[in-house]
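Working notes, beginning with the structure itself.
Position 1 is the first residue of the sequence; numbering continues from there.
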Amino acid sequence: MKALLNLIQTEFLKLRRNKLIWLMLLTALIMPFFALLYFNYFGDKGVDPREFYKMSALSFTIFIILPVILGIFCTMLMHEENQYDMLKQLWIVPISKIGYFFSKFFVVLVYSICFMLITFVASVMFSVLSGYVVFEWGSVFYLLKKCLESGVITAFVMLPILAIAASQKGYILPICITLVYAFLFFIIGGIDMYIHPLSSMLVIINRNNDIPGIVWPQGINVPLAFLSICVWDIIAVFLANIALKRSEV
């Protein structure tokens with residue numbers, strides 16, 4: 001446990017040197033800003049806050065922007081160490097392969113939550129600035145809950161991408177797979193909600209049918225959605241462990 005905590009601490013210390021990683025957090029402002037513009041030009045007075053929050057935080061942000069950003073982030077976490085064969089030096093210590101992988105995942109998890117908290121703050125601020133959205137504490141807490149849920153679950157949804165990044169010395173393939181992975185959600189989600197992890201995440205986040213414009217039919221299966229994500233993650237961890245063992249050679 002102490003070794004894992006040391007690995008996590010080291011990962012955060014390394015992040016301090018990479019300014020691009022921190023600049024990527026600014027993409028959390030994209031959809032809140034567009035929601036502000038949309039409701040300023042096309043909105044009516046007294047807009048339901050949840051309608052604004054859906055556009056600013058609970059649509060493209062969690063299904064396109066955040067997954068793509070996390071995919072790039074996962075690639076950046078693994079790229080330098082893979083490219084310069086630094087892993088061979090780490091294995092001399094020795095360090096647990098799974099512990100090393102999960103130290104990376106923990107950083108991704110924290111980054112994902114921070115991204116969604118920035119989205120939350122920006123959404124609330126921009127909704128107030130628009131002058132068209134009724135400020136309600138109940139809606140604010142609703143958004144905070146949804147953002148925290150999305151931040152945590154999206155990190156687990158992107159675990160397969162982290163595994164792919166762990167198996168590659170280059171960065172082009174993991175980023176390309178990230179883009180395909182994110183956009184396949186729109187195709188596969190319409191066929192079966194439990195095949196793709198992103199569509200399974202949507203089932204979980206909207207389990208109470210409380211996101212405006214997204215209404216599930218009767219019989220939606222939340223445990224099956226969790227199971228789908230777990231299966232993908234277990235396979236990802238297994239493959240990552242194999243890839244990291246090969247890096248010893």
Side-chain angles (χ1 to χ4, degrees), residues 12 15-16 18-74 106-158 182 185-186 189 197-216 222 225 229:
F12 280 111
L15 289 184
R16 292 170 57 184
N18 196 328
K19 295 181 180 178
L20 179 60
I21 285 176
W22 302 110
L23 288 175
M24 286 177 3
L25 287 173
L26 296 178
T27 57
L29 304 177
I30 292 176
M31 288 311 299
F33 177 71
F34 277 111
L36 172 65
L37 293 181
Y38 177 84
F39 283 98
N40 266 338
Y41 285 100
F42 303 106
D44 298 320
K45 289 288 185 179
V47 173
D48 183 350
R50 297 192 182 195
E51 290 285 350
F52 185 94
Y53 296 152
K54 177 195 174 184
M55 179 177 289
S56 68
L58 303 177
S59 56
F60 290 106
T61 296
I62 58 176
F63 298 113
I64 293 293
I65 298 175
L66 180 56
V68 170
I69 292 297
L70 288 184
I72 295 172
F73 183 62
C74 290
F106 184 81
V107 175
V108 173
L109 175 62
V110 172
Y111 192 85
S112 180
I113 293 172
C114 289
F115 188 99
M116 290 308 299
L117 287 177
I118 293 173
T119 300
F120 162 73
V121 173
S123 296
V124 174
M125 289 180 59
F126 288 175
S127 69
V128 173
L129 289 175
S130 72
Y132 287 86
V133 181
V134 178
F135 183 84
E136 298 175 354
W137 282 110
S139 298
V140 170
F141 288 121
Y142 156 84
L143 177 63
L144 177 60
K145 176 185 174 184
K146 291 294 183 183
C147 285
L148 289 175
E149 283 183 2
S150 301
V152 172
I153 299 174
T154 307
F156 283 92
V157 164
M158 297 306 293
F185 155 71
F186 294 99
L198 278 172
S199 56
S200 295
M201 180 178 71
L202 179 57
V203 170
I204 297 168
I205 293 174
N206 193 40
R207 60 192 178 277
N208 297 320
N209 278 333
D210 52 0
I211 298 179
I214 305 177
V215 180
W216 299 130
V222 175
I229 295 173

*Identify the heavy atoms of C74 and M158 that sit nearest to each other, and give their distance.*
SG-O, 4.5 Å
*Heavy-atom side-chain proximity of I211 to Y142 below 4.5 angstrom*: yes
*In Å, rounded to the nearest 0.5 Å, how long is the span from NZ of K19 to CG of L23?*
9.0 Å
*Geometric class of the F60/F186 ring pair [parallel <30°, tilted 30-60°, perpendicular >60°]*: tilted
_Non-neighbouring partners of T119 that pass side-chain hydrogen bond (donor to acceptor under 3.5 Å, both in side chains), sequence neighbours left out_ = none
*Using a 4.5 Å cut-off on heavy atoms from C-beta on, say whether the side chain of V128 contacts that of V133.*
no
*Given the rule in the side chain to side chain contact (heavy atoms under 4.5 Å, CB included) test, do V203 and R207 qualify, once you have shown the distances and angles that lead to the verdict?*
CA-CA 6 Å; V203 170; R207 60 192 178 277; 5.9 Å; no
_Contact check, side chains of I69 and I65, non-hydrogen atoms, under 4.5 Å_ = yes
*What is the ring orientation for F52 with F39, classed by angle as parallel under 30°, tilted 30 to 60°, or perpendicular over 60°?*
tilted
*For the student: nearest non-hydrogen atoms of I21 and Y111, plus distance*: O-OH, 2.6 Å
*Can you measure from OG1 (T154) to CE (M201) and round to the nearest 0.5 angstrom?*
3.5 Å
*Can S150 and I205 be said to form a side chain to side chain contact (heavy atoms under 4.5 Å, CB included), step by step?*
CA-CA 7 Å; S150 301; I205 293 174; 3.3 Å; yes
_L148 vs F120 side-chain heavy atoms within contact, under 4.5 Å_ = no
*Flag the pair L70 / F115 as yes when at least one side-chain heavy-atom distance between them is below 4.5 Å, and no otherwise.*
no
*asked:* Checking T61 now: which residues fulfil side-chain hydrogen bond (donor to acceptor under 3.5 Å, both in side chains) with it, not counting sequence neighbours?
replied: none
*For residues L198 and F63, report the shortest heavy-atom separation together with the two atoms involved.*
O-CE2, 3.7 Å
*Sidechain-backbone polar pair: D48 side chain, R50 backbone, donor-acceptor under 3.5 Å*: yes
*Minimum heavy-atom distance A28-I118, with the two atoms named*: CB-CG2, 3.8 Å
*With no hydrogens and no angle check, is any side-chain donor or acceptor of S112 less than 3.5 Å from a backbone partner on V152?*
no
*So I72 and M24, side chain to side chain contact (heavy atoms under 4.5 Å, CB included) or not? Walk me through it.*
CA-CA 9 Å; I72 295 172; M24 286 177 3; 4.0 Å; yes
_Let me confirm one number: the CD1-CE distance from I64 to M31, rounded to the nearest 0.5 Å._
10.5 Å
*Are the side chain of K146 and the backbone N or O of L58 linked by a donor-acceptor pair below 3.5 Å?*
no
*Applying side-chain hydrogen bond (donor to acceptor under 3.5 Å, both in side chains), name anything that partners S127, two or more places apart in sequence or on another chain.*
none
_Which atom of M55 lies closest to which atom of A35, heavy atoms considered_ = SD-CA, 3.6 Å
*Can you tell me how far the CE atom of M116 sits from the CD1 atom of I153, to the nearest 0.5 Å?*
11.0 Å
